[in-house]
Q: 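Below is a structure I'd like to ask you about.
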Amino acid sequence: MVERAGSPRGRRPSQAQRLSALGGLVAVVIVVGIAVALAPSGIAAQGASPPSGTVADLAAQGEALFSQSCASCHGMQGSGTSLAPDITTAGAALVDFVLRTGRMPPSGNSQVQMQRGEVRYSDAEIQALVAYVTSLGSGGAPIPSVVIQGADIAHGRELFVANCAACHGPAAGGGAVGGGFVAPPLDQADPEEIGEAVLSGPGQMPKFSFSPDQLNALAGYVTYLKSEPHPGGATAPAVGPVTEGFVAGVALILLLLIARWIGIRQRERG
């Protein structure tokens, strides 16, 4: 079949058209190549663990912070000095606890024991310091996962009365424990801090080997105490045995003075 010169099939593409088609083909090849190259990394990123070196990088950041703020007391490797103890086996729970509650660095008036204070570091800096200190040695409790939703509050009360109330008071208001030490009130402690303190035993507090369910129950009860209703209009004493004894002694003296005054007045009238 002979095609006429003016028909579409008989017309040859121009050079510009050929270049445009070639450019489009090249673009498609490039896009497909990029997609193929990136596909493995995208698949690996879904649900994958953090890249290796992340913990090491975090510890390196913590080492810089430690050198600036902690090494002057705890030593460059955390092995302790005459100013502060060895923390190489402190564990993540204790390090996280003292940093998140502002007990470290200590305030100027913390001469006897660590006290809750202003938090000096961001969450990221605290994570870095915890990573570095825990890299110095093994041992110590890890940071617990404490969940108080659905916790057994009644069991938590039993644990608190048996293990905590003698120092922290019947309503977790704190109290003196002798030797210049005071068990602090727990009204500012969140569940994770409670779990960390129980497992790590900061300061004069002993360590407890509680199961996760026991930690949840105990933290749930302490949290409940913060909002416990008091229909009688008064709370249980929450200042500790020493202070309570002092108040009781003063009250007794006042009653004796009042009784003496009444006796004198009656004799005068008689």
Side-chain angles (χ1 to χ4, degrees), residues 41 44-45 48-146 167 174 177 179-210 212 215 219:
S41 61
S49 58
S52 60
T54 299
V55 176
D57 292 342
L58 197 61
Q61 298 172 20
E63 182 178 11
L65 286 170
F66 188 90
S67 299
Q68 296 171 5
S69 306
C70 315
S72 59
C73 293
H74 289 285
M76 289 302 297
Q77 297 299 318
S79 56
T81 67
S82 59
L83 299 175
D86 183 341
I87 56 173
T88 55
T89 60
L94 179 58
V95 178
D96 190 74
F97 174 81
V98 298
L99 292 174
R100 290 193 184 278
T101 60
R103 286 172 165 83
M104 284 287 144
S107 60
N109 60 355
S110 300
Q111 300 299 323
V112 178
Q113 70 178 70
M114 295 185 295
Q115 299 177 6
R116 179 182 286 271
E118 179 184 358
V119 180
R120 308 291 183 86
Y121 300 104
S122 66
D123 286 345
E125 290 172 330
I126 290 175
Q127 292 178 24
L129 282 168
V130 170
Y132 174 67
V133 175
T134 53
S135 73
L136 298 175
S138 59
I143 298 174
S145 176
V146 182
C167 294
V177 295
F181 296 98
V182 175
L186 304 180
D187 58 315
Q188 298 183 57
D190 63 36
E192 185 175 271
E193 292 171 5
I194 295 168
E196 289 176 336
V198 168
L199 296 180
S200 65
Q204 300 301 305
M205 180 174 171
K207 299 178 183 179
F208 295 90
S209 299
F210 285 176
L215 282 181

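Just so we're clear, the structure is a prediction, and the values are computed from it rather than from any experiment. Count residues from 1 along the sequence.
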Q: Please round to the nearest 0.5 Å and tell me the distance separating atom CD1 of I126 and atom OH of Y121.
A: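 The distance works out to 9.0 Å.
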
Q: Tell me, please, which residues at least two apart from P185 pass side chain to side chain contact (heavy atoms under 4.5 Å, CB included).
A: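 Result, side chain to side chain contact (heavy atoms under 4.5 Å, CB included) vs P185: D187.
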
Q: Quick one: pull up SG in C70 and CG in L99 and give me the separation to the nearest 0.5 Å.
A: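 These two atoms lie 7.0 Å from each other.
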
Q: Looking at every non-hydrogen atom in both residues, tell me the closest pair between A141 and L199 and how far apart they are.
A: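 Of all heavy-atom pairs spanning A141 and L199, the closest is CB-CB, 3.8 Å.
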
Q: Not counting sequence neighbours, which residues clear side chain to side chain contact (heavy atoms under 4.5 Å, CB included) with V146? List them please.
A: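 Testing V146 for side chain to side chain contact (heavy atoms under 4.5 Å, CB included), a comparison that skips the adjacent residues, returns P144, I148, P191, N216, A219.
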
Q: Would you mind reporting whether F97 and E192 have side-chain heavy atoms less than 4.5 Å apart?
A: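 Counting from C-beta outward, E192 and F97 never come under 4.5 Å.
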
Q: Under 3.5 Å, is there a donor-acceptor pair between the side chain of E63 and the main chain of Y132?
A: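 Not confirmed, E63 side chain does not pair with Y132 backbone.
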
Q: Give the C-alpha distance, both sets of side-chain angles, the deciding distance and a yes or no for side-chain contact (heavy atoms from CB on, under 4.5 Å) between M205 and V198.
A: CA-CA 8 Å; M205 180 174 171; V198 168; 4.3 Å; yes

Q: Taking only residues two or more places apart in sequence, or in another chain, which ones meet A71 in a side chain to side chain contact (heavy atoms under 4.5 Å, CB included)?
A: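 Only F66, M76 meet the side chain to side chain contact (heavy atoms under 4.5 Å, CB included) criterion with A71.
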
Q: Is the closest side-chain heavy-atom distance between E196 and L94 below 4.5 Å?
A: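 No. Closest side-chain heavy atoms not under 4.5 Å.
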
Q: Please give me the minimum heavy-atom distance between P142 and A93, naming the atom from each residue.
A: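 Reported closest heavy-atom pair: O-CB, 3.3 Å.
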
Q: Kindly indicate whether the side chain of M104, heavy atoms from C-beta on, has any atom under 4.5 Å from the side chain of M114.
A: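 Yes - at least one pair of side-chain heavy atoms lies under 4.5 Å apart.
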
Q: Which heavy atom in V119 sits nearest to a heavy atom in T101, and how many Å separate them?
A: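 Looks like CG2-C, 4.4 Å.
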
Q: Which residues pass the salt bridge (Lys or Arg N to Asp or Glu O under 4.0 Å) test with E193, sequence neighbours left out?
A: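 With sequence neighbours excluded, E193 shows a salt bridge (Lys or Arg N to Asp or Glu O under 4.0 Å) to R116, given in chain and number order.
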
Q: Which heavy atom of K207 sits nearest a heavy atom of S200, and at what distance?
A: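 What the structure gives for the nearest pair is CE-O, 3.2 Å.
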
Q: For P105 and R120, work out which heavy atoms get closest and say how close.
A: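 Minimum heavy-atom contact is CD-CG, 3.6 Å.
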
Q: Can you run down the side chain to side chain donor-acceptor pair (under 3.5 Å) pairs that involve residues 74-89, sequence neighbours left out, and say none if there aren't any?
A: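 Matches after skipping sequence neighbours: D86-T88.
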
Q: Any salt bridge (Lys or Arg N to Asp or Glu O under 4.0 Å) involving residues 121-142? Give me the pairs, sequence neighbours left out, ordered by first then second residue.
A: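 Qualifying pairs: R100-D123.
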
Q: Which pair of heavy atoms, one from V133 and one from I87, lies closest together, and at what distance?
A: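 Nearest pair, atom of V133 first, then I87: CG1-O, 3.6 Å.
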
